[in-house]
Amino acid sequence: MSDRYPSDLASVLRMNGAAILARASVRMVAAFRERSWMIGDTVFPVLVMATFVLVYRGLGAPPAYEAFVVLGGAMIAYWNNVLWSMASQFFWEKEQGQLQLYLITPVSRMSILLGMALGGMVMTTTRSVVIIAAGLLLFHIPLPLDRVPAALGLFTLTLASLYGLGMILSSVFFRWGREAWYTATLFQEPIYLLSGFYFPVSALGNVVATVAALVPITLGLDGIRQVLYGELAHGLLPVGWIPPILLVLLALYLFLAHRALTAMEELGKREGRLTIRGG
Amino acid sequence: MSERSAVPAIEAANLSRIFETRRERTVHALRNVDLTVPRGECIGLLGPNGAGKSTLIKILTTLLLPTTGRAMVAGFDVARDPLSVRHRINLVSGGDSSGYGILTVRETLHLFARFYGVSRAAAHQRADALMEITGLGPKADTRLSNLSTGMKQKVNFARGFMSDPEIVFLDEPTLGLDVEASRAIRAFVSGWVRERPERTVLLTTHYMAEADELCDRVAIIDHGRILALDTPRALKRSLPDESSYELHLGGTPPPTEWTHHVPGVRTAFQHTHSATGAVELHLTVTDDHVIGEVLSVLKGMEVRVVHLTKREPTLESVFVHLVGRGLDEDDVVAEA
Ligand SMILES: Nc1ncnc2c1ncn2[C@@H]1O[C@H](COP(=O)(O)OP(=O)(O)OP(=O)(O)O)[C@@H](O)[C@H]1O
Ligand SMILES: [Mg+2]
């Protein structure tokens with residue numbers, strides 16, 4: 001065969017790496033070019049944060065609780081991104097007749113999803129940075145700088161497994177379309193509660209907390225709070241357990257995402273659902 | 001290279017596709033299609049709405065599995081080895097918009113090149129060349145959201161060539177484009193396919209003239225079957241000895257059933273222009289003097305004949321002859 005097409009591992013990896021970055025760049029470009037999100041995506045969360053902070057102050061809670069609120073607010077941005085953008089991406093790309101452009105390319109379907117995830121993370125980070133900055137400036141939340149690197153490490157791991165979950169969701173959404181969409185609306189609010197965006201999960205009791213922990217953001221947030229504020233965080237799990245669990249979740253989610261994606265594509269090809277009717 | 005040129009670009013054998021729709025309906029979109037396309041050819045699929053053209057393209061581009069049969073593209077089985085096929089093909093579907101409103105034309109072209117392992121330098125060069133040819137040059141740094149539909153379609157078209165494919169599938173590439181843009185695109189396609197021996201184009205179109213001008217061979221397809229496959233010239237020559245006439249009728253003429261009673265009329269189809277309301281009657285007759293009889297019957301029915309022309313055989317006449325109705329006749333059904 002001709003050597004015009006990459007077939008050895010190195011060039012296949014290079015091609016897929018380029019595809020991941022290319023797919024991610026769409027979101028990144030969007031984040032920096034289109035600035036109207038600044039208002040909708042940051043003002044509202046900051047207002048919600050302000051409410052909680054004021055309630056905690058009224059109750060005379062320790063200042064660390066105010067920090068939990070700010071952290072939770074920043075993390076909600078990621079959960080929303082996973083639920084609304086990441087999960088429904090394939091579905092919308094298909095509706096717009098765009099999905100087939102990706103599916104006819106020779107890159108791994110996982111690269112397309114990974115690119116979407118990476119782009120989503122970067123884009124959402126622009127929002128969460130604004131939210132955290134607002135928290136620091138407006139509410140003067142305490143931030144022990146020496147513990148920030150460890151917290152960032154845990155944060156990265158949390159995002160990785162969260163977006164792994166998002167990758168599974170995008171295949172599920174694709175298969176079930178609008179029904180999945182309605183299901184997602186049902187999930188949005190309860191997850192805010194269960195995952196302890198605004199208060200420690202352990203307050204909910206162990207059973208609920210364990211279920212909620214399947215959404216990596218719960219565990220991650222629990223860990224980050226403990227790393228930054230120690231005892232005050234009322235940790236759900238010993239902080240040392242959290243990174244290995246997140247790693248296991250990440251591996252599990254990536255594996256399941258790959259399976260779901262393959263199944264989705266096979267089924268779509270058989271049922272004629274990968275493309276819109278006419279196109 | 002010469003070795004690869006020997007493998008046909010497309011080989012489909014006994015290809016069928018059945019869709020089961022929601023309401024328990026079974027649609028035979030393709031029925032036992034056999035098709036071999038050698039390298040270097042531009043082949044056209046001509047058929048009315050729902051004929052199965054897009055279905056065939058989707059199977060060949062690895063987006064859909066056939067219900068029966070087998071298809072090889074560039075020598076690889078589309079069902080078993082889709083990856084090898086995907087490296088070598090690209091697809092442009094005329095109707096859809098490709099890309100994201102937030103990206104510029106240039107960025108969009110680069111984006112899709114990256115999915116084929118095209119280096120940045122090569123992508124740059126190719127994007128410039130394609131933008132030049134398609135007239136997108138002045139819009140290179142304009143966001144897609146600020147482009148007209150026609151311009152977006154050109155971007156989509158250019159995207160299809162960014163990966164330097166061997167085999168390109170064009171599903172109605174000029175649908176909705178203005179005359180000038182369509183001409184530019186046809187010129188590009190015919191030049192492109194001749195540039196290298198392994199390059200091959202399969203396109204579908206509603207425009208007879210496009211197929212006639214562009215394609216080395218044309219397949220006429222209806223209800224999922226290939227009814228004829230040959231060069232446009234041979235197809236036209238294959239018509240039985242008969243003449244075609246085009247009559248423009250005034251008022252609201254009756255449906256064409258009356259023509260069954262005029263001896264010597266072979267086929268008749270009537271087309272109402274949705275914009276102007278003008279009615280065109282296309283007739284093929286065994287002998288020129290039959291048209292005199294037609295005119296007197298029309299007169300008897302008090303239908304005014306505004307205009308009458310004799311037509312040279314076109315692919316359209318071939319189509320009407322084989323399919324028994326015109327390519328646009330669905331319009332008439334839809335309006336009735
Ligand atoms: N995913 C699908 N599910 C069910 N039926 C389908 C599907 N895709 C196509 N069909 C049906 O199969 C038949 C062939 O459709 P196809 O899109 O291949 O026609 P076409 O020749 O491309 O028509 P057009 O000129 O309108 O594009 C039609 O009856 C269509 O309704
Ligand atoms: Mg079609």
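Since the model is a prediction, treat every value here as computed from it, not as a measurement. Reckoned from all heavy atoms, side chains included, excluding hydrogens, waters and symmetry mates. Numbers restart at 1 for each chain; the letters A, B, ... are given by sequence-line order, proteins then strands.
Within a 6.0 Å radius of CZ in Arg259(A), other residues, nucleotides and ligands contribute 12 heavy atoms or fewer.
Judged purely by distance below 3.5 Å, without hydrogens or angles, the side chains of Tyr78(A) and Ser128(A) pair a donor atom with an acceptor atom. Donor-acceptor pairing under 3.5 Å is lacking for the side chains of Ser182(B) and Thr174(B).
By the 4.0 Å N-to-carboxylate-O rule, Arg199(B) lies close enough to Asp164(B) to be salt-bridged with it.
When heavy atoms are compared at a cutoff of 4.5 Å, Ile104(A) approaches chain B by way of both its backbone and its side chain. Heavy-atom distances place the side chain of Glu107(B), and not its backbone, under 4.5 Å from chain A. Residue contact with chain A, scored on non-hydrogen atoms closer than 4.5 Å, is absent for Pro66(B). Interface residue Phe112(B): only side-chain heavy atoms are found under 4.5 Å from chain A. Proximity to chain B involves both the backbone and the side chain of Arg33(A), based on heavy atoms less than 4.5 angstrom apart. Using a 4.5 Å cut-off between heavy atoms, Phe19(B) contacts chain A through its side chain alone, with no backbone atom that close. Contacts between Glu271(A) and chain B at a heavy-atom distance below 4.5 Å involve the backbone alone (N, CA, C, O). Within the 4.5 angstrom heavy-atom criterion, atoms from both the backbone and the side chain of Thr104(B) approach chain A.
Rounded to the nearest 0.5 Å, atoms CD1 (Ile57(B)) and OG1 (Thr55(B)) are 10.0 Å apart. Atom CG in Leu247(A) sits 8.0 Å away from atom OG in Ser161(A) (nearest 0.5 Å).
Within the structure, salt bridge (Lys or Arg N to Asp or Glu O under 4.0 Å) pairs that include any residue of residues 108-123 of chain A comprise Arg109(A)-Glu265(A) (at least two apart or interchain). Residue pairs meeting the ring pair (Phe, Tyr, Trp, His ring centres under 6.0 Å) criterion with at least one member in residues 108-138 of chain A: none, sequence neighbours excluded.
Of the residues considered (Arg17(B), His110(B), His87(B)), His87(B) shows the highest number of contacts with chain A, using heavy-atom pairs under 4.5 Å. Most heavy-atom pairs under 4.5 Å with chain A: of the set Leu64(B), Val118(B), Ile89(B), this distinction falls to Leu64(B). Considering only heavy-atom pairs separated by less than 4.5 Å from chain A, the leading option among Leu63(B), Asn90(B), Thr62(B) is Leu63(B). Counting heavy-atom pairs closer than 4.5 Å to chain B, the top residue among Val29(A), Ile112(A), Thr105(A), Val12(A) is Thr105(A).
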